[in-house]
Amino acid sequence: MLKLIGAVLAGLVACSGASAQAPAQWEAGKHYSVIEPAQTTNTGDKVEVLEVFSYGCTHCNTVAPLVDKMHKALPQNAEFVLMPAQFGFDAWKTFARAFYTAQALGLTEKSHLELFREIYVAKKIDPASPRFDDLANFYSKYGVSAADFTATSKSFAIETRLKRNDALVKAYGVDSTPTFIVNGKYRLSGQSAGGYEQIEPLVKYLIARETAGG
C-alpha cells in the first residue's frame, strides 16, 4: 500500500511539470532492484523492456502516454513487451484474459491506448468490475466478432498464458503496478525512479548497461 501511495505522489509530481533531473548515477537498491535469479526473456538477442500493468489500474492509465512515448523511443536493440498483472483480483484477471485474447488475435498494438480511453475517458467499461461482454464488444471494432473473441478467450492457450503470467509476476517480485522489468534482471517503478518522467531515462540506462555486457 505504501508503494502504491508513493507511486501516486511521484506521478503527481511528474504530471505537474516539475523538472526532476536524472541522478548523476543510478543506484541498484535505490532507483532499481536486481532480480535474483534473473528470468529468461522472450525477445531473442534484443533487450526486453517489460511493463507489468493492468487496465484496472488508474496509475497505469496515467502513465500510459509516457510509456507509449518511451516505447517508440527505445533503441533498436530493445523490444517493448506488455504483461497484465492479476494479483488474485477477479477484475484484473478479466482484463488479463481480454489482453491475451487480443494479443493472440493480433489486436493489442492498435487497441492498447484506446482501451484505457474506453475505460477512463468514455467510461464505457467499469475498471473495478469489467464485463467480458463489454470488452469483447470493444475489440469487435478491430475486425473480430465479439463471439469469436469470447470463444478464443476460453481456449487452453489463453488459460496457459494466465497461469504462466501469475508465476512470472511472482518471480519478478512485482507487488504493484505499473512496474517495469529490464531484460529479466532489473525491476523499477515510478516511485523508485523518482517520478514517472524518470522511468524512460532509467530504462535507457539499464538497456545501455545490458548492451555493454551488464
Side-chain angles (χ1 to χ4, degrees), residues 11 15 41-44 46-86 89 91-162 164-165 168-169 174 177-183 190 196-197 199-200 203-204 207:
C15 293
T41 65
N42 296 305
T43 53
K46 291 195 173 185
V47 177
E48 183 181 86
V49 178
L50 182 148
E51 181 193 7
V52 183
F53 81 105
S54 174
Y55 292 116
C57 166
T58 59
H59 312 304
C60 298
N61 173 60
T62 298
V63 80
L66 290 175
V67 175
D68 186 57
K69 173 178 170 289
M70 177 184 74
H71 173 195
K72 294 173 180 176
L74 290 178
Q76 290 187 345
N77 70 320
E79 184 172 334
F80 184 71
V81 178
L82 288 164
M83 174 180 284
Q86 300 174 66
F89 303 145
W92 286 32
K93 184 173 183 178
T94 297
F95 281 124
R97 182 182 297 280
F99 173 84
Y100 283 128
T101 303
Q103 189 177 67
L105 295 169
L107 308 177
T108 52
E109 191 72 26
K110 49 193 172 185
S111 65
H112 181 60
L113 290 180
E114 287 302 319
L115 182 50
F116 275 120
R117 295 188 187 102
E118 188 86 347
I119 297 166
Y120 295 99
V121 178
K123 299 186 183 302
K124 293 182 178 179
I125 297 173
D126 184 355
S129 185
R131 295 176 63 251
F132 198 85
D133 285 350
D134 291 338
L135 289 163
N137 286 331
F138 164 79
Y139 283 109
S140 69
K141 63 186 176 183
Y142 293 98
V144 59
S145 71
D148 286 345
F149 189 89
T150 300
T152 302
S153 77
K154 299 175 182 179
S155 68
F156 176 77
I158 301 301
E159 293 295 339
T160 300
R161 293 297 301 274
L162 289 168
R164 175 63 175 156
N165 168 293
L168 271 176
V169 167
V174 173
T177 53
T179 292
F180 299 84
I181 309 296
V182 177
N183 224 28
Y196 287 158
E197 290 180 344
I199 291 172
E200 182 175 340
V203 164
K204 287 184 174 178
I207 292 172

Could you give the distance from [atom1] ([X]) to [atom2] ([Y]), rounded to the nearest 0.5 Å?
X: F80; Y: T43; atom1: CZ; atom2: OG1; answer: 12.5 Å
X: L74; Y: K204; atom1: CG; atom2: NZ; answer: 7.0 Å
X: T179; Y: M83; atom1: OG1; atom2: CE; answer: 12.0 Å

Would you indicate whether the side-chain heavy atoms of [Y] and [X] approach each other to under 4.5 Å?
X: V63; Y: E51; result: yes
X: M70; Y: V49; result: yes
X: I207; Y: V203; result: yes

Indicate every side-chain donor-acceptor pair of residues 124-133 with a distance under 3.5 Å to a residue at least two apart or in another chain.
from	atom 1	to	atom 2	distance (Å)
D126	OD1	A128	N	3.0
R131	NH1	D134	OD1	2.9
R131	NH1	D134	OD2	3.3

If every non-hydrogen atom of [X] is compared with every non-hydrogen atom of [Y], which pair is closest and at what distance?
X: V52; Y: T177; result: O-CG2, 3.5 Å
X: D148; Y: V144; result: CB-CG2, 3.8 Å
X: S140; Y: S145; result: CB-C, 4.4 Å
X: F149; Y: A102; result: CE1-N, 3.7 Å

Go through the steps for L105 and T152 under the test side chain to side chain contact (heavy atoms under 4.5 Å, CB included), then give the verdict. CA-CA 9 Å; L105 295 169; T152 302; 4.2 Å; yes

Name all pairs fulfilling the side-chain hydrogen bond (donor to acceptor under 3.5 Å, both in side chains) condition that reach into residues 63-75, sequence neighbours left out, sorted by first residue then second. D68-K72, K69-E200

What residues, two or more places apart in sequence or in another chain, satisfy side-chain hydrogen bond (donor to acceptor under 3.5 Å, both in side chains) together with [X]?
X: T58; answer: none
X: N165; answer: Q86, Y100
X: N77; answer: T211

Applying side-chain contact (heavy atoms from CB on, under 4.5 Å), name anything that partners [X], two or more places apart in sequence or on another chain.
X: P65; answer: none
X: T160; answer: F156
X: K154; answer: T150

Could you pull out all donor-acceptor pairs under 3.5 Å where a side-chain atom in residues 107-114 meets a protein atom, sequence neighbours excluded?
from	atom 1	to	atom 2	distance (Å)
S111	OG	L107	O	2.7
H112	ND1	Y55	OH	2.7
E114	OE2	R117	NH1	2.5

Applying side chain to side chain contact (heavy atoms under 4.5 Å, CB included) to Y139 and L115, what does each step give before you reach the verdict? CA-CA 9 Å; Y139 283 109; L115 182 50; 3.3 Å; yes

Before giving the answer on side chain to side chain contact (heavy atoms under 4.5 Å, CB included), spell out for T41 and V81 the whole-Å C-alpha distance, their side-chain angles and the decisive distance to 0.1 Å. CA-CA 10 Å; T41 65; V81 178; over 6 Å; no

Sequence neighbours excluded, which residues qualify as salt bridge (Lys or Arg N to Asp or Glu O under 4.0 Å) partners of R161? none

Residues forming a ring pair (Phe, Tyr, Trp, His ring centres under 6.0 Å) with Y120, sequence neighbours excluded: none

Residues I119, N61; criterion side chain to side chain contact (heavy atoms under 4.5 Å, CB included); working and verdict: CA-CA 9 Å; I119 297 166; N61 173 60; over 6 Å; no

Side-chain donor-acceptor distances from residues 92-99 under 3.5 Å, at least two apart:
from	atom 1	to	atom 2	distance (Å)
T94	OG1	D90	O	3.1
R97	NH1	S153	O	2.9
R97	NH1	E159	OE2	2.8
R97	NH2	E159	OE2	3.0

